[in-house]
Structures are given as structure tokens and as C-alpha cells.
Enquirer: 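Provided herewith is a single structure, encoded as C-alpha cells, for subsequent inquiry.
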2 protein chains.
Amino acid sequence: MSVNNLSPEEIAEQMTLDHMICFAAYSASQAMNRFYRPILDEMGLTYPQFIVMMVLWEEGQTTMKALSDRLMLESNTLTPLLKKLEAAGLVTRARNKDDERLLDIAATEKGMALKRRGCMAPVELAAATGETLEGVIELQQRLANLRNRLNAKAS
Amino acid sequence: MSVNNLSPEEIAEQMTLDHMICFAAYSASQAMNRFYRPILDEMGLTYPQFIVMMVLWEEGQTTMKALSDRLMLESNTLTPLLKKLEAAGLVTRARNKDDERLLDIAATEKGMALKRRGCMAPVELAAATGETLEGVIELQQRLANLRNRLNAKAS
DNA sequence: GGCAATTACATCGCATGCGATTAGATCGTA
DNA sequence: TACGATCTAATCGCATGCGATGTAATTGCC
């Protein structure tokens, strides 16, 4: 019998952890984080610091606001993280001249030097999944679409 | 040109945050967490506490070891979390009689009473994604497979 | 039986995430 | 042009995750 023939209550009745997409995403995200750890340890980065650097490797510079929108993380998460990257000499933080509310963030030369190694990590991850590259890309797009629809609903 | 015609280095060259499955999983997981928050707030649960309760709603009782394997979380994460659930009167914690190293964990009646509401949450999430139920299930399975292959590679 | 190795859980420290709140800058409008 | 509303970061508190380490119980091998 197809799940389409069941009421929400009947589906809830049979719901287990192993059928929940939230747990699949949660545990897969953590598994990928564990995969990255040895690589990121070599670079002295945590995973959230890594995705901040990914944006800077792509953009060169940005602002706290743009970074917050892109990563879907609030300033209360990013502020201490960016201060650590600044202390490590990988980024600079400075108030924007035109709008003092904005914080300009830029990668230093030392920060940009990590790009080559850092950008290989996702490629190595894709290889380790045993999926074809096309399969990984399709999965990535469907996950991003699902996330975007959820975020749109929340706003 | 297909990605199959590119070397890993060439792929890394073009790598951006929006092509990374790790970020799709990471941000989707957090988006789902945000979706759950109002529901879980009503029940007085956080998301990790919720997935612990999901196991207990399914199994009735378990051990720290089994929970750790199932959720892929270590005791250093689960111990304080379970103590909070115990303080809230939702679970009991006791040493196993046959093997004192093991910690038995069981849902109380108060804990089991949350099952009906809790099991609806993933159904509501699936509905909010705009996907068909079959689509969500397929995505869930592919993510779980990817995670399992990554975890197998790590061990 | 004796004892080193293993197992299971707990403790500690550090780095996120995020709700709630605050402070300062800018905007919009009377 | 005042001035309240809005916007952007930062600060604080709490709850994870997890590496490193400690401790007690059990296992395995002689």
C-alpha cells in the first residue's frame, strides 16, 4: 500500500528515526563534518570557519550582513568565529566607510593561500561517498531546494 | 561539458559553496531544526533531545551504548542531555544489573505521553517541504546511504 | 585465579548555533 | 530638520558536538 493512501496520523503512527529526513540530514551533515576534520585540522580550521573561508575564497571580500545571508547564520554565531579567524591572521574586519553599521570582511594573503587545499576537500568528500559526481550534484540540488522552500515558508 | 571530463583539480577550481553537498546538508539540517523549534518548544525539547525521545518512543527502553550507536553521538554529548531529560521527568537512568558498565535508559509515562505530538512533527515537516511524500522518502534514503558509506569508510 | 587489555560511561574544555537583549548608525517622515 | 522606527553587530546565556582524558567494570589469555 502506498503512503499516499495513509492519513497523516497513520503515517505518524509508523514514524521512526530511520524514516525521518531531518535525521538523515542531521547525521549526514555530521558524518561529512567528521570526514573533513582531519583535512581541516591541517589547515587549522573548524567546519563553520571553513565555509566562511569558502565564501571569501570565492568573493575575496564581503560584509557580515552578506555572509550572514549566504551562510544562514546570525551575527551572534559569526562574530566570535570571525574574531578567531582575524586572530589567526586569515581575515581582516573593519567598519564600512559608507555605512558604519556594516562590517567589511576580507581574506588576507595568508587566508587566500589556503584556497587550493580547501577547495579540494569537497571533491575528496564526493569521491568518498561512492556516488557519481552527477549523483552528488543532483542530491545537493534537491537538498538545497528543500532547504530554500523551508526557509521561504518560515519568512 | 560534463563534469566527468574534468580532473579533480579542475573541479576544485570551480568549487563554490553553492555546489557543496556538505553545505546543502548542513544548511538543510539547520533549516529543518528551525522548522521544528516552535513545535519542540511546546514540548520542552531541543532537537537532539527529540531524536533521543524518538528512539525511546520506538523502543520503550534502551542503553547508552545502543543510543550512541543509533544516533551516532558519543556519551560525552548524550550524558548531559540525558541528565536533563531525567531532570524533566521524561526518562530514567540506571545501571544495568548484568553489566554495570551499561546504562539503561527508559521513557517514563510522562515521556511516552509526548509521543503522539512528537511523531506528527516529521510529517508536518515533510508537508512543508512542498515535496511529495515519496520524494521526501527517496531523498531520505539517498542521504542515509551516503552517510552510511562515509561512516563505513571512516571505521 | 590473576592481570593486562578492552569496554562503557563520565568529565572537562573549546567551538559552534541561536534566542534575547543592547548599542550605535541610518532611514523615513512629519 | 527632529526623532521614532529600522537596521546591523555585538554580548550573554544555554544546549549541543566532540577531542582528550579519567574511572570503573568486564573480558581474555596465561
Side-chain angles (χ1 to χ4, degrees), chain A residues 22-23 26-38 40-41 43-53 62-88 93-105 151 154, chain B residues 22-23 26-38 40-41 43-53 62-88 93-105 151 154:
Chain A
C22 61
F23 181 67
Y26 170 82
S27 54
S29 175
Q30 288 184 117
M32 293 187 251
N33 201 319
R34 283 190 289 270
F35 176 88
Y36 280 143
R37 195 166 320 251
L40 297 184
D41 277 351
M43 294 195 284
L45 295 176
T46 64
Y47 180 73
Q49 291 169 5
F50 170 60
I51 58 176
V52 166
M53 294 310 297
T62 182
T63 64
M64 171 73 88
K65 170 71 175 140
L67 204 52
S68 173
D69 289 344
R70 189 85 186 275
L71 300 181
M72 293 165 261
L73 293 170
E74 306 291 328
S75 70
N76 48 11
T77 296
L78 293 174
T79 293
L81 190 158
L82 287 165
K83 284 184 176 178
K84 285 179 196 107
L85 289 177
E86 185 184 35
R93 297 166 66 251
R95 287 292 163 180
N96 184 284
K97 292 300 176 208
D98 295 333
D99 187 340
E100 291 272 338
R101 290 173 303 181
L102 299 177
L103 188 71
D104 286 331
I105 299 157
N151 283 340
Chain B
C22 61
F23 181 66
Y26 169 81
S27 54
S29 175
Q30 289 185 127
M32 292 188 253
N33 201 318
R34 282 191 289 271
F35 176 87
Y36 279 142
R37 195 165 322 253
L40 296 184
D41 277 351
M43 294 194 284
L45 295 175
T46 63
Y47 179 73
Q49 291 169 3
F50 170 60
I51 59 175
V52 166
M53 294 309 297
T62 183
T63 63
M64 172 74 87
K65 171 71 173 138
L67 205 52
S68 173
D69 289 344
R70 188 87 186 275
L71 300 182
M72 293 165 263
L73 293 171
E74 307 290 329
S75 70
N76 48 13
T77 297
L78 292 173
T79 293
L81 190 158
L82 287 165
K83 284 185 175 177
K84 284 179 197 108
L85 289 177
E86 185 184 35
R93 296 165 67 250
R95 288 290 163 180
N96 184 284
K97 292 299 175 208
D98 296 333
D99 186 342
E100 290 272 340
R101 290 174 304 180
L102 299 177
L103 188 71
D104 287 330
I105 299 155
N151 283 339

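As a basis for the values below, the full set of heavy atoms in this structure was taken, side chains included, without hydrogen atoms, waters or symmetry mates. Order of the sequence lines sets the chain letters (A, B, ...), proteins ahead of strands, with each chain counted from 1.
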Enquirer: Would you indicate, yes or no, if D/dT26 has its OP1 or OP2 atom less than 4.0 angstrom from a side-chain nitrogen or oxygen of B/Arg95?
Expert: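 Answer is no, no contact under 4.0 Å.
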Enquirer: Suppose we screen for salt bridge (Lys or Arg N to Asp or Glu O under 4.0 Å). Which residues come up paired with A/Arg93, at least two apart in sequence or across chains?
Expert: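 Only A/Glu86 meet the salt bridge (Lys or Arg N to Asp or Glu O under 4.0 Å) criterion with A/Arg93.
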Enquirer: What is the distance, to the nearest angstrom, from the CG atom on A/Asn76 to the C1' atom on D/dC7?
Expert: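 The answer, rounded to whole Å, is 15 Å.
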Enquirer: With heavy atoms of chain A within less than 4.0 Å as the criterion, where does contact along DNA chain C begin and end?
Expert: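 Reading along DNA chain C, I get C/dA15 to C/dT26.
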Enquirer: May I ask you to verify if any side-chain N or O of A/Lys83 is less than 4.0 angstrom from the OP1 or OP2 atom of D/dT11?
Expert: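 Checking D/dT11 against A/Lys83, a side-chain N or O does come within under 4.0 Å of OP1 or OP2.
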Enquirer: Under 4.0 Å, heavy atoms only, any strand: does B/Ser75 hit a base, just the sugar-phosphate, or nothing?
Expert: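 Touches a base.
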Enquirer: Please determine whether a side-chain nitrogen or oxygen atom of A/Arg93 lies at a distance below 4.0 Å from atom OP1 or OP2 of D/dA10.
Expert: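 True: A/Arg93 side-chain N/O within range (under 4.0 Å) of D/dA10 OP1/OP2.
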Enquirer: Distance-only check: which donor-acceptor pairs under 3.5 Å involve side-chain atoms of residues 26-33 of chain B, not counting sequence neighbours?
Expert:
unit_1  : atom_1 : unit_2   : atom_2 : d
B/Ser27 : OG     : A/Arg147 : NH1    : 2.7
B/Ser27 : OG     : B/Phe23  : O      : 2.6
B/Ser27 : OG     : B/Ala24  : O      : 3.4
B/Asn33 : OD1    : B/Arg37  : NH2    : 3.4

Enquirer: With sequence neighbours excluded, what pairs up with A/Asp104 under the salt bridge (Lys or Arg N to Asp or Glu O under 4.0 Å) test?
Expert: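 So A/Asp104 forms no salt bridge (Lys or Arg N to Asp or Glu O under 4.0 Å) with any residue.
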Enquirer: Go through the structure and list residues passing salt bridge (Lys or Arg N to Asp or Glu O under 4.0 Å) with A/Arg34, not counting sequence neighbours.
Expert: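 Salt bridge (Lys or Arg N to Asp or Glu O under 4.0 Å) check on A/Arg34 returns nothing, list empty.
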Enquirer: Do any of residues 96-104 of chain A sit with a heavy atom less than 4.0 Å from DNA chain D, and if so which?
Expert: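 Close to the strand are A/Arg101, A/Leu102, A/Leu103.
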Enquirer: Rounded to the Å, how far apart are A/Leu73 CG and D/dT8 C1'?
Expert: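 Answer to the nearest Å: 16 Å.
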Enquirer: How many whole angstroms separate atom CE of B/Met64 from atom P of D/dA25?
Expert: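 One finds 16 Å between P of D/dA25 and CE of B/Met64, rounded.
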Enquirer: Using heavy-atom distances to pick each residue's nearest nucleotide on DNA chain D, tell me which of A/Thr63 and A/Tyr26 is more 5'.
Expert: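 Taking each residue's closest nucleotide, the earlier one in sequence belongs to A/Thr63.
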Enquirer: Base, sugar-phosphate alone, or nothing: which one does A/Leu81 contact when heavy atoms must sit under 4.0 Å apart?
Expert: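 If one applies the 4.0 Å heavy-atom cut-off, A/Leu81 turns out to touch the sugar-phosphate alone, with no base involved.
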Enquirer: Over all strands shown, is B/Thr77 touching base, sugar-phosphate only, or nothing at heavy-atom distances under 4.0 angstrom?
Expert: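 Counting heavy atoms under 4.0 Å across all strands, the contact made by B/Thr77 includes a base.
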Enquirer: Is the shortest side-chain heavy-atom distance between B/Met53 and B/Leu45 below 4.5 Å?
Expert: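 The answer is yes, as the side chains (C-beta and beyond) meet within the 4.5 Å cut-off.
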Enquirer: Can you tell me how far P of D/dT8 sits from CD of A/Glu74, to the nearest Å?
Expert: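 Atom CD in A/Glu74 sits about 12 Å away from atom P in D/dT8.
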Enquirer: Can you tell me which residue pairs pass the side chain to side chain donor-acceptor pair (under 3.5 Å) test with a partner in residues 70-80 of chain A, sequence neighbours excluded?
Expert: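 Every pair satisfying side chain to side chain donor-acceptor pair (under 3.5 Å) with a residue in residues 70-80 of chain A: A/Glu58-A/Arg70, A/Glu59-A/Arg70, A/Arg70-B/Asp18.
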Enquirer: Taking the side chain as every heavy atom from C-beta outward, state whether B/Tyr47 and A/Cys22 have any pair of such atoms under 4.5 Å apart.
Expert: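 They are in contact (side-chain heavy atoms under 4.5 Å apart), so the answer is yes.
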Enquirer: The criterion is side chain to side chain donor-acceptor pair (under 3.5 Å); which residues satisfy it with A/Arg101, sequence neighbours excluded?
Expert: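 For A/Arg101, the residues satisfying side chain to side chain donor-acceptor pair (under 3.5 Å) (neighbours in sequence not counted) are A/Asp99.
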Enquirer: The criterion is side-chain contact (heavy atoms from CB on, under 4.5 Å); which residues satisfy it with A/Leu78, sequence neighbours excluded?
Expert: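 With sequence neighbours excluded, A/Leu78 shows a side-chain contact (heavy atoms from CB on, under 4.5 Å) to A/Val52, A/Met64, A/Leu67, A/Ser68, A/Leu71, A/Leu73, A/Leu82, given in chain and number order.
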